[in-house]
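Taking it in order: structure first as structure tokens, then the write-up.
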Amino acid sequence: MAEAQAAQIGSIVPGSPEEKRLHEIWEAEPGWRGWLSTTDHKSIGLRYLFTAFFFLIAGGIEALIIRLQLARPNLSLVTPEQYAQLFTMHGLTMIFLYALPILSGFSNYLWPLVLGSRDMAFPRLNAFSYWIFIFAGAFLYASFPLGQAPNDGWFNYVPFSGPVYNVGPNIDVYALGMVLLGLSTTAGAVNFVVTFLRLRAPGMSIPRVPIMTWGTLAASFGNLFAVPAVSLAFFLLWLDRNFGTHFFDIAHDGKALLWQHLFWIFGHPWVYVIVLPAMGIVSMGLPTFCRRPLVGYMPVALSTVATMLLGFEVWVHHMFATGLPSLSLSFFGAASMIISIPSAVATFAWIATIWLGRPVFKVPFLFFAGFIILFVIGGVSGVMTAAVPLDLQLNDTYFVVAHLHYVLLGINVFPVVGGIYYWFPKFSGRMNSEKLGRLAFWIMFIGFNLGFFPMHIAGLLGMPRRIYTYPPNMGWDTVNMVTTAGSFLFALGVLVFVIDVFYSIYKGAKAPINPWDAPSLEWTTPSPPPPYNFAVIPFVGSRYPLWEGRLAEAEGRSRLDEGYLLMNGRETLGTTAMHAEPDAILKMPADSYFPLVASIFISALFVALLLHALIMAITTVALGLLSLVGWLWPRPVLRMEAAA
Amino acid sequence: MEQTASPGTFRLTVDLCGAAAAWIILHTAGFALSSYACYPHNSPAREPMLPHFGLALGSLGIICTLAALLFCWSASASWRGIRNTPGARRFMAGMGLLMSLLFLVATALTTAAILLISPCSPWK
Amino acid sequence: MSESMLPTVPVRNEARLSGWFGMWTLIATEASLFVYLLFSYYYLKLQTDQPWPPEGPPRLLLSSVNTFLLLTSSLFVYFGERKLKQDRKKAAVALIAIAIAFGTAFVLIQLKEWSRKSFSISTHLYGSLYFTITGFHLLHVVLGMGMLAVVSAWTAMGYCTKSEHGPVSAAALYWHFVDAVWIFIFGTFFIVPYL
């Protein structure tokens, strides 16, 4: 069975010929060739971060136009149809093209570094998922300049999105774009799950796993089971619109509620998919600035997993006003209340960490602490809407808009910006400006609350969501004006943050290896890390490898300078899932154009489907499959015998 | 690292997933049955259209709650057996205990909903 | 594990390498796709007032033959994989080729069955569901046959061997999955209407 090749153990001194050789093995080709073919998780992670942030800005500009339109009563800055397209694009951009991809960026960049590996389990699949993501983003935006963008809100309810009421290409673009994006999400999820099970450093048994990986792991499992629901829903809708099927066609016994079920069976797990990894960022970063380990590692890890599981069984709380029987609603009301238990556990763990620690008020800490406050507000309004009778009152009002923005900005954007500040030295090799960072935080925090808190009041005053404009005598004038002002202030804060990032990339002080004195493995690599991450695969003896000297509770000693020397081509170590015992040497693939080529053909297939171009569709399928075969073609360098 | 007396992998898996499974079964089956019984075709019903609806669902709720209780007991026994031996198995046992407790609460609340709330919407 | 013992690591059997885990995750996500398809079917069926299926229960002969073909092909794939692990490459390729032939027969019979239907995908709700769900499955059968064809070619070319059977095992796993899904689809469309 085994072609025995024993892995050597040793150490590699920086600047030695061995280190140079590792560099050559792992480095991408220079120039555009390397740029298009690289499978380095760090490059891919940074691309994810940049692209997703670009989409955040696009979605933000759409939001600002919406807020201008709503600033005063009876304005007509945009037409009602343009308004519908703007709020739809705003929603789908933020939720699908920003919120998860930015977290995938963090996870792609950081996972191998915090797990002590040299890359993800499937480096080329990783490149593929990025290319598909950016092509799907372009696809979803393709019809926007033509004035034909999706216009039925991000959850795209039938019958308005059906063939009778929506005759343009708008919804077809949305439907096919979402199926395409689903491929990227699924590929990413597969990669994270297998990386977690397989590529952790030796000794990093389940209780020693860095806390942030639990969030992405739970989210990736969630994606595997949830994404097919939305891909299917959009595909069936596309069939209804293009081939006369009757899934959502009420006149022929189809059911409009089938759409809502399929969409929210995906949609609610998705909410947790885009918050759990962000909570993981906080659980990872906050303890560093509190100078103590996270309080309650196990309950926090457990609450992450339990939230994802519960998240699959609460989808009907988006459908409380659809006329379902009262007992049916009660099941989901109860489940939606219960899901607040694990969230509360995590919140108390963060508060206790601050309470029992000695907080250092650096910029990342401010964002993480701000997150806790916003999460509590968003959580409380969430529990309120989980109560069926109250939800019937609040359904489709601005109260819900306020809740979802508190949750999504509070639990996603604040941790993300805090996370960028936290890992910026690692990403760029430079330190951020502490002054600009503080300024950005306070403007964002004040602007956010000024902008979104009044939305609760607008909702309680009865203002429905998604209305194009409103008459002056409704009592909504002031709250809307304040909201618009707050949203511009928030945007200013984001601008300050962007300026800080670009300023610091060029002018920031050089970052040392571990500027925050943090406990996890990514801070043992130079800033920025070399292409191979770790010269030798470290051995992990406790949960906080870099804090072992000062923690009484550290149960073992890690060895970071001496470990497995894997340098016969691209190699990393495979370990067992539970105890992380060394199990196999994994041969990692070289850089390749195949992921790009395959994703071009697959994306072209979706263009062909949109245009009903049969010959193009057949050609792209054939070429896409061929490129997959080429991608997977056995290469001698990956074979075990060759390695011996 | 592990003692021989500590719970096995199968036991730990059951402790981790048992109560959650009981809740998911109750929740999914309860939702499907009540939705169909009160809204079988295109118009809502005043009373459940399935025979012995309340009795069936109530018993399912009580059975699932008892099952969740059993898994809790099992998980706490596992935890007590392994709490002094650090390592991955102790961690899994702890996760199992917390998970069982959480889903015991969930199952009990869902059963309370079944016993307290009239199945079909009275306003229709 | 204490720090004094870092064991040397042998390179092991490929069967449990990343690709094998990856195939399981692919199967998990594809299985949920079929769960949602069948959920849609039963959700719509339970609420309809129309006769279901509108043309009466479908005839069983062809689909039963198909079920037999597909399940038998799984056996051939299973034994093919086993032969490869016993280093009998030619037998492995031959067995997998037989499975592909059975798969081809399944596809042809399924197309025949489609052409015999008096309704199309747009005639009524049942037609939409029938052609979409069986179509999804047919697509997966074709994909699975493609995988089997590629890995048996690799076996013939000497890429897949006794110690290097990872691709064959992964493709075999996928094929068993496609067959298992058919049992649920067959039950839904051909057995349940008779109950």
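A quick note: this is a predicted structure, and the numbers were derived from the prediction, not measured. Residue numbering restarts at 1 for every chain, and letters A, B, ... go by the order of the sequence lines.
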With a 4.5 Å cut-off on side-chain heavy atoms, are L310(A) and W23(B) touching?
yes
How close do H27(B) and A335(A) get, heavy atom to heavy atom, and via which atoms?
CE1-CB, 3.7 Å
Interatomic spacing from CE in M298(A) to CG in L97(B) - rounded to 0.5 Å
8.0 Å
Student check: side-chain heavy atoms of V209(A) and F91(B) closer than 4.5 Å
no
For a 4.5 angstrom cut-off between non-hydrogen side-chain atoms, does V316(A) reach F31(B)?
yes
Between atom CE of M95(B) and atom OG of S303(A), what is the distance when rounded to the nearest 0.5 Å?
9.0 Å
With side chains defined as the heavy atoms from C-beta onward, is the minimum distance between M578(A) and M92(B) less than 4.5 Å?
yes
To the nearest 0.5 Å, atom CG of L327(A) lies from atom CD1 of I117(B) at 6.5 Å
Going from CG on L309(A) to CD1 on I24(B), what distance comes out if it is rounded to the nearest 0.5 angstrom?
4.5 Å
Quick check for you: to the nearest 0.5 Å, what is the distance between I206(A) atom CD1 and R89(B) atom CZ?
12.0 Å
Please report the shortest heavy-atom distance between C38(B) and P325(A), naming the atom on each side.
CB-CG, 3.3 Å
Roughly how far, to the nearest 0.5 Å, is the OG atom of S330(A) from the CG atom of L109(B)?
11.5 Å
Contact origin within I114(B) toward chain A - heavy atom pairs under 4.5 Å
both
By residue number, those in residues 214-226 of chain A with heavy atoms under 4.5 Å from heavy atoms of chain B are W214(A)
Applying a criterion of heavy atom separation less than 4.5 Å, what residues of residues 337-351 of chain A form contacts with chain B?
I338(A), I341(A), P342(A)
With a 4.5 angstrom heavy-atom cut-off, could you sort out which part of F332(A) is near chain B: side chain, backbone, both or neither?
both
